[in-house]
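All residue numbers refer to positions in the sequence shown, counting from 1.
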Amino acid sequence: MVTHRTRDSRLLLYLGRIYEADSKRREALQTYRKALELTTNPSLELLLLLIRTSAQLEHRIEAGIYIADYL
């Protein structure tokens with residue numbers, strides 16, 4: 001489904017959550033990054049997912065950037 005609707009950022013958020021539920025945090029972060037690329041004004045939900053997943057993977061600088069965007 002994602003391959004047919006590659007421009008659907010909402011669908012990518014759901015896919016990222018599925019990856020997280022399956023303990024595939026790296027894949028989830030990559031999926032959230034794709035969703036971020038598709039939006040000009042990211043939602044707070046997307047930013048929170050990026051912050052949480054980046055922090056879990058110990059990507060502190062990246063998480064800090066998303067935190068600054070969130071604030």
Side-chain angles (χ1 to χ4, degrees):
M1 181 183 262
V2 173
T3 57
H4 296 297
R5 297 174 64 187
T6 58
R7 309 283 309 161
D8 189 346
S9 63
R10 196 86 188 132
L11 186 61
L12 289 172
L13 289 181
Y14 292 132
L15 178 61
R17 287 187 173 139
I18 291 169
Y19 282 137
E20 283 191 87
D22 200 24
S23 298
K24 296 180 179 179
R25 289 190 179 99
R26 291 193 191 285
E27 290 87 348
L29 183 59
Q30 290 173 346
T31 304
Y32 297 145
R33 286 176 184 158
K34 286 179 192 175
L36 182 64
E37 290 174 6
L38 295 176
T39 62
T40 56
N41 189 15
S43 67
L44 295 179
E45 177 184 18
L46 175 56
L47 289 173
L48 288 172
L49 290 169
L50 284 162
I51 292 167
R52 182 184 68 200
T53 310
S54 297
Q56 289 172 341
L57 291 171
E58 298 183 6
H59 297 174
R60 295 182 192 345
I61 295 172
E62 184 176 3
I65 292 169
Y66 298 134
I67 289 169
D69 289 344
Y70 179 79
L71 296 175

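Partners of Lys24 under the salt bridge (Lys or Arg N to Asp or Glu O under 4.0 Å) rule, at least two apart in sequence or in another chain, are Asp22.
In this structure, the separation between CG on Leu29 and NE2 on His59 is 6.5 Å, given to the nearest 0.5 Å. Atom OH of Tyr66 and atom CD1 of Ile61 lie 12.5 Å apart (nearest 0.5 Å). The structure places CD of Glu27 at 13.0 Å from CD1 of Ile18, a figure rounded to the nearest 0.5 Å. From Tyr14, atom OH reaches atom OG of Ser9 across 10.5 Å, with rounding to the nearest 0.5 Å. Atom CD in Gln30 sits 8.5 Å away from atom OH in Tyr19 (nearest 0.5 Å).
Sorted by first and then second residue, the salt bridge (Lys or Arg N to Asp or Glu O under 4.0 Å) pairs involving residues 61-70 (not counting sequence neighbours) are Arg33-Glu62.
Taking all atoms of both residues into account, the shortest heavy-atom contact from Thr31 to Gly16 is CG2-N, 3.8 Å.
Following chains of ILVMFWY side-chain contacts shorter than 4.5 Å, one cannot reach Leu36 starting from Ile65, and the two form parts of different hydrophobic clusters.
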Would you mind writing out the side-chain donor-acceptor pairs for residues 43-53 within the sub-3.5 Å range, not counting sequence neighbours?
{"residue": "Ser43", "atom": "OG", "partner": "Leu46", "partner atom": "N", "Å": "3.1"}
{"residue": "Glu45", "atom": "OE1", "partner": "Arg10", "partner atom": "NH1", "Å": "2.6"}
{"residue": "Glu45", "atom": "OE1", "partner": "Arg10", "partner atom": "NH2", "Å": "3.2"}
{"residue": "Glu45", "atom": "OE2", "partner": "Arg17", "partner atom": "NH1", "Å": "3.1"}
{"residue": "Glu45", "atom": "OE2", "partner": "Arg17", "partner atom": "NH2", "Å": "2.4"}
{"residue": "Arg52", "atom": "NE", "partner": "Glu20", "partner atom": "OE1", "Å": "3.4"}
{"residue": "Arg52", "atom": "NH2", "partner": "Glu20", "partner atom": "OE1", "Å": "3.0"}
{"residue": "Arg52", "atom": "NH2", "partner": "Glu20", "partner atom": "OE2", "Å": "2.7"}
{"residue": "Thr53", "atom": "OG1", "partner": "Leu49", "partner atom": "O", "Å": "2.8"}

